[in-house]
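Heads up, the thing below is written out as structure tokens.
Because the structure is a prediction, the values reported are computed rather than measured.
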Amino acid sequence: MVEEGKSAVAPEAPSKSGYTFIGWDKDFSNVTGELLIYAKYEKSKVYYTVTFVDYDGTVLETQSVEEGKEATATVHPEREGYNFIGWNGHLAEIKKDRTITALYDVEGLGNIRDTGLFGNNLNSSSVYTSTFLRWTLYDTGILTINGKGEMVTLNNIAPSWNKYASSIKEVRISSGVDKIWGFINCNKITKVTIEDGPEVIRENAFSNCTSLKEVNLSDTITTIEKGAFFKCAIESIDLKNVEKVYDYAFDSCTRLKEVKIGKGLKDLNSLVFYRCSILENYIVDEENEMFSSFDGGLLNKAGTVLYSCPPKKVNYNIPMETTTISADAFKGCSVENVTGGMNVTTIGASAFADCEKLVNFLIPQGVTQISDRTFYNCISLNNVMIGDNVTSIGEYAFYGCSALENMFFGNGLETIGKQAFFGAGLRNVSLPASVRTINENAFAWCENLDNVMLNEGLVTLGKRAFANCTSLHNVTIPSTVKTIGTEAFDSCSGLSDVIIRDGVETIGNSAFSINNLQRVTIPVSVKTIGENAFGSSTNNALIIDYDGTESQWNEIAVSSRNTALNSATINFAEPDVEEYTVTFVDFDGSVIETQTVEEGMS
């Protein structure tokens, strides 16, 4: 208690972490009533140490900087043979102890046009991180990247040098940099040099640098990601110690002639050099434990797996020891003739896709499957023989093979995949007895196809299997087919006669949707006829030969929407008539005459 008019005695000064006590909020020297007095604080000043060091770690200067304030370097370091270009980080808003390193470029690069820090120096809270890269552009067109850290930006924002993309002619990346990225569409760059240190060239790093002819990889680069050098003008590349190269890394490098593979390569896909149209040779270091080369092609060490044929090769001889042709191995190549490979048992997907000049190919006897897209768009392929060991032809296997007129199917074939021969130039198809399944669109748009022999034993005739085969005149559906798929022969404008064998139960929607259809034989086994099965337009010329009676016809579930069928003439089979044998005999039992008489007749 304090007597009126007297002064209160202040207690010991309180404390608060991170703050300094500066007094009380009210005067208490002449107390005349009840008082509530609060302690007053201000935030304590925090200082951080900023150390400036030279390239070799020598301390150049140390400063104590108040939190949030800016450090100011008072030294200008020098290094013989080099020009000082700045520091490897921001000096503003210091919020922790920092070590900042001097950066240099070799002398003679020209006058500095602009310089800046790489875009990933800000984290999500707009606080500068401790690792920085600095870029410097010279008036000679040389761009240098110095410092230590990854070339990664927030949200993949283009690096700040991007505004000079059309001025950059050469790029030099120093040893402290990693995960190289950011030069997409810099189409004036002609040369890239990477010092020892970086390990990864990121996806699309130099994509569409259409003038880039020379790339000097460091010994430390181990990974080149997808599209890293897409559409560059590189003429030769030495992969040195690279261990993994992703798909399409050098896609469309149309001037690339030679690839040197070092001893460290472990993983390389067939599409790494896709569309490198004049590439003619892979050179593999003898010490490489994974790869080898034969006739310029790339194989595994034992030669049993063929990974890639150089795109420029016109003739290629597959080694005798090769048992596997990898997926995409010849994709997009200029090859016209492929020989050898008699011991091959596996041909991967798209192995010969887009080989537009390939004329002939003999499927080795050991092959049991034609994989998806194996000969996709081989527009010059005109003769293929499939042996008896092949059981299936994959999806799109011969899609778009417009010159393929003749096809010999072996006696082991069971399945023909979706769009396997879509748009092929086939004129005649005669299937072996082993075939069980023809999938969707398998022979669609084979416009030259005028003869099809479907085998007894065929079970599945898929949707649009022969749609738009405009040269086809007649077809017989085997008895073993239970369902004729939807639109199976849709728009086969030349098709006039169809025979459906006894055993077929369902004729799918628009199965024979053809305006010029003239005659169809339908067996009594049919139970369902789908919508517009024989066309959606009136066709007074259409004749249906039904193997049963009118009463049997009326039991079929016929879709109400069947315009062509409703206008057709339907011929029914005569009803069966019971016949009896009448025998005339003499008194002694000898036969005088025998007659066959219909029921009710004399």
Side-chain angles (χ1 to χ4, degrees), residues 13-23 39-79 82-105 112 114-137 143-162 172-182 195-200 202 220:
S15 63
K16 181 180 179 182
S17 179
Y19 291 82
T20 300
F21 174 71
I22 59 172
K40 293 168 61 178
Y41 299 89
E42 67 178 7
K43 188 176 177 67
S44 301
K45 291 184 179 181
V46 177
Y47 291 84
Y48 295 106
T49 300
V50 176
T51 305
F52 294 89
V53 299
D54 209 349
Y55 72 97
D56 58 0
T58 301
V59 175
L60 301 172
E61 180 179 3
T62 300
Q63 295 180 6
S64 182
V65 180
E66 185 179 342
E67 183 179 27
K69 300 297 184 179
E70 181 176 354
T72 303
T74 60
V75 294
H76 187 89
E78 295 182 355
R79 181 183 178 189
Y82 292 82
N83 290 323
F84 172 69
I85 58 173
W87 304 96
N88 74 331
H90 292 278
L91 303 181
E93 297 184 45
I94 301 299
K95 295 184 178 180
K96 60 182 177 179
D97 291 340
R98 294 276 306 281
T99 298
I100 299 179
T101 304
L103 298 176
Y104 300 87
D105 274 333
I112 294 177
D114 199 358
T115 185
L117 293 172
F118 199 74
N120 196 40
N121 298 322
L122 289 172
N123 65 24
S124 58
S125 302
S126 295
V127 178
Y128 293 110
T129 61
S130 60
T131 302
F132 297 92
L133 301 176
R134 177 173 290 279
W135 62 269
T136 305
L137 178 65
L143 177 74
T144 63
I145 312 292
N146 290 281
K148 185 176 182 180
E150 299 178 358
M151 291 175 66
V152 181
T153 62
L154 289 175
N155 302 317
N156 283 327
I157 298 172
S160 50
W161 69 68
N162 193 258
R172 301 185 182 186
I173 299 173
S174 71
S175 59
V177 181
D178 199 11
K179 294 192 176 178
I180 297 166
W181 175 82
E195 294 181 4
D196 284 351
E199 296 181 359
V200 179
R202 293 183 63 210
T220 56

Identify the heavy atoms of [X] and [Y] that sit nearest to each other, and give their distance.
X    : Y    : result
I173 : P198 : CG2-CG, 4.3 Å
F21  : A13  : CD2-CB, 3.6 Å
S174 : G147 : OG-N, 3.8 Å

Name all residues meeting the side chain to side chain donor-acceptor pair (under 3.5 Å) criterion together with [X]; count only those two or more places apart in sequence or in a different chain, and write none if there are none.
X    : value
T144 : D105, N146
T62  : none
T58  : D56
N83  : none

Would you say the side chain of L133 lies within less than 4.5 Å of the side chain of M151, judging by non-hydrogen atoms? yes

Could you tell me whether the side chain of D178 and the main chain of E150 form a donor-acceptor pair under 3.5 Å? no

Sidechain-backbone polar pair: T136 side chain, T115 backbone, donor-acceptor under 3.5 Å: no

[atom1] of [X] to [atom2] of [Y]: how many Å apart, nearest 0.5 Å?
X    : Y    : atom1 : atom2 : value
L143 : L137 : CG    : CG    : 6.0 Å
Y41  : S15  : OH    : OG    : 6.5 Å
T220 : D196 : OG1   : CG    : 5.0 Å
I85  : W135 : CD1   : CH2   : 11.0 Å
K96  : Y48  : NZ    : OH    : 10.0 Å
D54  : L60  : CG    : CG    : 4.5 Å

Those residues that, when tested against F52, pass ring pair (Phe, Tyr, Trp, His ring centres under 6.0 Å) (two or more places apart): W87

Just jot down the ring pair (Phe, Tyr, Trp, His ring centres under 6.0 Å) partners of Y19, sequence neighbours excluded, or say none. none

Quick one: side-chain contact (heavy atoms from CB on, under 4.5 Å) partners of Y55, sequence neighbours excluded? R79, Y104

What residues, two or more places apart in sequence or in another chain, satisfy side-chain contact (heavy atoms from CB on, under 4.5 Å) together with S175? E195

Does V50 form a side-chain contact (heavy atoms from CB on, under 4.5 Å) with D97? I'd like the steps, not just the answer. CA-CA 6 Å; V50 176; D97 291 340; over 6 Å; no

Checking R134 now: which residues fulfil salt bridge (charged side-chain N to carboxylate O under 4.0 Å, His left out) with it, not counting sequence neighbours? none

Can you list everything that forms a salt bridge (charged side-chain N to carboxylate O under 4.0 Å, His left out) with D114? Sequence neighbours excluded, please. K163

Donor-acceptor contacts, no H, no angles, side chain residues 67-75, under 3.5 Å, sequence neighbours left out:
residue: T74; atom: OG1; partner: E61; partner atom: OE1; Å: 2.9
residue: T74; atom: OG1; partner: E61; partner atom: OE2; Å: 2.8

